[in-house]
Amino acid sequence: MFSSVDRPAIISRLQSETFDLLVIGGGITGAGIALDAASRGLKAALIEKHDFAFGTSSRSTKLIHGGLRYLKQLEFALVKEVGSERAIVHRLAPHLVVPEKMLLPLYEQKGMGYWLTSIGLKIYDWLAGVKPEDQRKMLTRVQTINHEPLLKPNDIKGGALYAEYRTDDARLTIEIAKKAVQYGAILINYVGATDFLYENEQIVGVRAESSLEAKIMEIKAITVVNATGPWVDDLRELNHSRKEKFLHLTKGVHLVVPYHRLPVRQAIYFDTPDGRMIFAIPRGRITYIGTTDTDYTGDKSNVLTTGDDARYLVAAVNETFPSANLTLADIESSWAGLRPLIHEEGKSTSELSRKDEIFESDSGLISIAGGKLTGYRKMAERVVDRIIELKFEDRSLAPCTTETIFLAGTKRLASNEVDAYGREVARSISRLALKGAEGSYLVHLYGRQTDTIIDYALKHPHEDPEIGLALAELAFALENEMIARASDFLVRRTCHLYFNLHRMIKIKDPVLQAMAMQLGWDQKRLAEEAARVDNHIHEVTGFNKDQHG
Ligand code: FAD
């Protein structure tokens, strides 16, 4: 049951049953907890106020990484945990978590220096258990400049290549959510918790509201987990338990430019003039750059890139790659997200730890805050272990097995099969007059689920192959990925808003029409959905005209 047409049945079950665990928040943390709990045999439900991955989980740097910066902060345990998690998440979804070598240019006067970096990366590889062939490689000055001719050569001292993985955060989240459903959990989007239900001062569920059906409901649960990322403190306040530690939100912005405007040969992690570090990551037809790190106190549901954010990143790129000569006019798209960090007195935003922490309130609310995309599985394991310890020790539940639960459909795609499958897909889509790049896009987004999409496209030929493909992806998402609004599909299931805005503009009307037909929208709803999509396009590009300040 994971299609929007199942919504009435899901809402009815939410209202009539009592769950062992109710998770509030459908980002990667909440989805991970739902999967862990359901796969151990707990009866789990999850509600998400917006769409799955609407929050930070669609707005990250999209790296499954060991976190080199944590080594700088001497957080060895964190480096070790997320470092080994990278390899696990890659194994669980090798099409979606793809190895990417990162180049670290080293300068005379900036950063950690050549020898310290060499030792640091050695420790990083050791902590993360990196395979010998993927371990860091130190480069001379000439080798570094040859690796990336766009770099300003002046004061380069050398460089280092080290292993990371890139992903699509929103897709990873939705695949975890789908797997949780496969294990029997009930998940729904556009249902937000508005209050808690108590008996004898202990939480026994939540009051919730569905924004699509305008329905208020009560959901009963033995345990309730608050996994709302940047919104964690809002729910702790509602529960009168926001005490001692609290969240410190910082905003991170990414910019997207056409690849030919910043044609870096591989991902690069480089120093900024103000002593921070940012990434430039090539991805098909674009390169994206990020991120900023500034305190944020505005509207958490409407985080925007400002002209200042964009100018900061453009200046940093031009400092390192002067021949690029980027301007705001080169920016095709952007995104901005909030880091839900835990406040520490006297520390600057960049110094704050990215560690996760569990808070337990007197009335039984379990909140999980902080953390990383990369560490979602371990965070979920810790939360579910604690819930079992608190409430379900008398049950014979299975141990955590998420390390072995592969993601994306029911047919496994192993790491050594990805390339061969890619070639198979390229052959199939040539019958649809689609180019090879579309095959790579499909395989990296959907894994073996691509077969279902191609089958649909072959059965429903369209005079424009790109629109035909989009409608086939839409049919798949409508049936399997609970899309309720057009932006769920265009922004989070496909990532077109960020990585292929031209495609999004081309397909948006056919997509809107098809959704209206499938979901029975009237003219008013169709117009509202169209306006929302146009607003998204305006938001991610609007600072070009500087109206965001
Ligand atoms: P979210 O994804 O924000 O999910 C919380 C959800 O709760 C939201 O969808 C929200 O709508 C929902 N919600 C809120 N209130 C309610 C309510 N009342 N009822 C129901 N639902 C509610 N990590 C990495 O590992 N790699 C990276 O490359 C990386 N880059 C990053 C770059 C940036 C700029 C930022 C900001 C973070 C980055 N991170 C990265 C960290 C990572 O993205 C986050 O740790 C992670 O996505 C947080 O997920 P979450 O599920 O806890 O929160």
Side-chain angles (χ1 to χ4, degrees), residues 22-34 46-67 69-70 78 82-83 85-86 89 97 100 164-170 172-173 176-177 187-196 206-211 219 224-239 247 249-254 267 269 278-279 281 288 290-294 296 300-301 303 305 309 334-341 349 354-356 367-377 379-380 383 492:
L22 174 68
V23 183
I24 310 174
I28 196 153
T29 309
I33 294 169
L46 179 150
I47 54 172
E48 161 56 51
K49 184 175 180 174
H50 301 277
D51 182 30
F52 303 106
F54 165 86
T56 309
S57 300
S58 57
R59 301 155 193 263
S60 75
T61 308
K62 304 177 194 296
L63 290 174
I64 294 297
H65 63 151
R69 67 195 301 281
Y70 313 130
L78 188 61
V82 287
E85 278 303 298
R86 295 184 311 181
V89 189
V97 178
E100 171 98 40
E164 291 286 27
Y165 294 83
R166 71 179 154 78
T167 191
D168 180 321
D169 45 9
L172 185 60
T173 304
I176 298 166
L187 278 74
I188 193 164
N189 49 6
Y190 298 102
V191 173
T194 53
D195 207 349
F196 294 101
V206 304
R207 186 161 292 115
E209 186 173 356
S210 153
S211 56
I219 307 170
V224 176
V225 168
N226 169 15
T228 55
W231 292 264
V232 154
D233 275 354
D234 295 2
L235 286 154
R236 290 172 79 211
E237 248 164 47
L238 204 60
N239 176 239
L247 288 194
L249 301 183
T250 78
K251 182 171 85 162
V253 160
H254 290 84
Y269 191 33
I278 61 175
F279 294 100
I281 302 176
Y288 66 98
T291 171
T292 58
D293 197 355
T294 51
Y296 187 81
K300 294 191 275 286
S301 299
V303 191
T305 303
D309 297 326
S334 70
W335 66 90
L338 296 178
R339 297 178 187 85
L341 308 177
T349 49
R354 268 59 177 169
K355 268 200 292 250
D356 57 286
S367 300
I368 171 118
K372 308 222 14 94
L373 205 64
T374 310
Y376 80 90
R377 208 189 58 80
M379 285 165 72
V383 169
R492 285 166 294 274

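Here, residue 1 is the first one in the sequence, and each next residue gets the next number. Order of listing sets the numbers, starting from 1, for every ligand and every atom in it.
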Which is it for [X] and ligand 1 at heavy atoms under 4.0 Å: side chain, backbone, both or neither?
| X | result |
| --- | --- |
| Lys251 | neither |
| Val82 | neither |
| Ala31 | neither |
| Thr291 | side chain |

*Specify whether Trp231 and His50 have parallel, tilted or perpendicular ring planes, treating 30° as the upper limit for parallel and 60° as the lower limit for perpendicular.*
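Tilted.
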Among all protein heavy atoms, pick out the one at the shortest distance from [atom]; state its residue, atom name and that distance to 0.1 Å.
| atom | answer |
| --- | --- |
| atom 25 (O) of ligand 1 | Thr374 OG1, 2.6 Å |
| atom 53 (O) of ligand 1 | Gly229 CA, 3.5 Å |
| atom 35 (C) of ligand 1 | Arg339 CG, 3.7 Å |
| atom 42 (C) of ligand 1 | Leu373 N, 3.6 Å |
| atom 13 (N) of ligand 1 | Thr228 CG2, 3.7 Å |
| atom 38 (C) of ligand 1 | Ser60 CB, 3.6 Å |
| atom 4 (O) of ligand 1 | Gly27 CA, 3.4 Å |

Would you check whether [X] has a nitrogen or oxygen atom less than 3.5 angstrom from a nitrogen or oxygen atom of ligand 1?
| X | result |
| --- | --- |
| Val253 | no |
| Ser57 | yes |
| Lys372 | yes |
| Ile28 | yes |
| Val191 | no |
| Ala193 | yes |

*State, yes or no, whether a side-chain contact exists between Val383 and Thr29 at a heavy-atom distance under 4.5 Å.*
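A side-chain contact under 4.5 Å is absent here.
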*Tell me, do Thr291 and Arg339 make a side-chain contact under 4.5 Å, heavy atoms counted?*
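Result yes, sub-4.5 Å side-chain heavy-atom pair found.
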If every non-hydrogen atom of [X] is compared with every non-hydrogen atom of [Y], which pair is closest and at what distance?
| X | Y | answer |
| --- | --- | --- |
| Thr228 | Ile24 | CG2-O, 3.5 Å |
| Ala170 | Arg492 | CB-O, 3.5 Å |
| Gly229 | Leu247 | O-CD1, 3.4 Å |
| Thr173 | Gly26 | CG2-O, 3.8 Å |
| Val303 | Tyr296 | CA-OH, 3.9 Å |
| Val232 | Ala369 | CG1-CB, 4.3 Å |

*In this structure, which one of Leu373, Ile281, Asp169 forms a side chain to side chain contact (heavy atoms under 4.5 Å, CB included) with Leu63?*
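Per the side chain to side chain contact (heavy atoms under 4.5 Å, CB included) rule, the option paired with Leu63 is Ile281, out of Leu373, Ile281, Asp169.
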*Residue from Asn189, Val191, Leu187 passing side chain to side chain contact (heavy atoms under 4.5 Å, CB included) with Leu46*: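 Only one of Asn189, Val191, Leu187 forms a side chain to side chain contact (heavy atoms under 4.5 Å, CB included) with Leu46, namely Leu187.
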_Run Arg86 and Glu164 through side chain to side chain contact (heavy atoms under 4.5 Å, CB included) and show every step you take._
CA-CA 8 Å; Arg86 295 184 311 181; Glu164 291 286 27; 3.0 Å; yes
Which of the numbered atoms in ligand 1 are under 4.0 angstrom from any heavy atom belonging to [X]?
| X | result |
| --- | --- |
| Ile47 | 20 (C), 21 (N) |
| Gly192 | 19 (N), 20 (C) |
| Leu63 | 24 (C), 25 (O), 26 (N), 27 (C), 28 (O) |
| Gly371 | 45 (O) |
| Arg59 | 33 (C), 34 (C) |
| Gly337 | 36 (C) |
| Gly252 | 34 (C) |
| Lys62 | 28 (O) |

Name the option, out of [options], that contains the heavy atom nearest to [atom].
| atom | options | answer |
| --- | --- | --- |
| atom 1 (P) of ligand 1 | Thr56, Asp234, Asn189 | Thr56 |
| atom 51 (O) of ligand 1 | Asp293, Thr29, Leu238, Val232 | Thr29 |
| atom 32 (C) of ligand 1 | Asp195, Asp51, Thr61 | Thr61 |
| atom 10 (C) of ligand 1 | Lys49, Met379, Glu48 | Glu48 |

_Derivation of the side chain to side chain contact (heavy atoms under 4.5 Å, CB included) call for Asn226 and Asn239_ = CA-CA 11 Å; Asn226 169 15; Asn239 176 239; over 6 Å; no
*Test side chain to side chain contact (heavy atoms under 4.5 Å, CB included) on Val89 and Arg377 and set out the steps.*
CA-CA 8 Å; Val89 189; Arg377 208 189 58 80; 5.5 Å; no
*Consider only side-chain N and O atoms of His65 and Thr374, and report whether a donor and an acceptor are under 3.5 Å apart.*
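Note: His65 and Thr374 side chains miss the donor-acceptor criterion.
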*asked:* To the nearest 0.5 Å, what is the distance between NZ on Lys372 and OG1 on Thr56?
replied: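 If I round to the nearest 0.5 Å, the distance is 11.0 Å.
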*List the steps and the verdict of side chain to side chain contact (heavy atoms under 4.5 Å, CB included) for Arg166 and Phe279.*
CA-CA 12 Å; Arg166 71 179 154 78; Phe279 294 100; over 6 Å; no
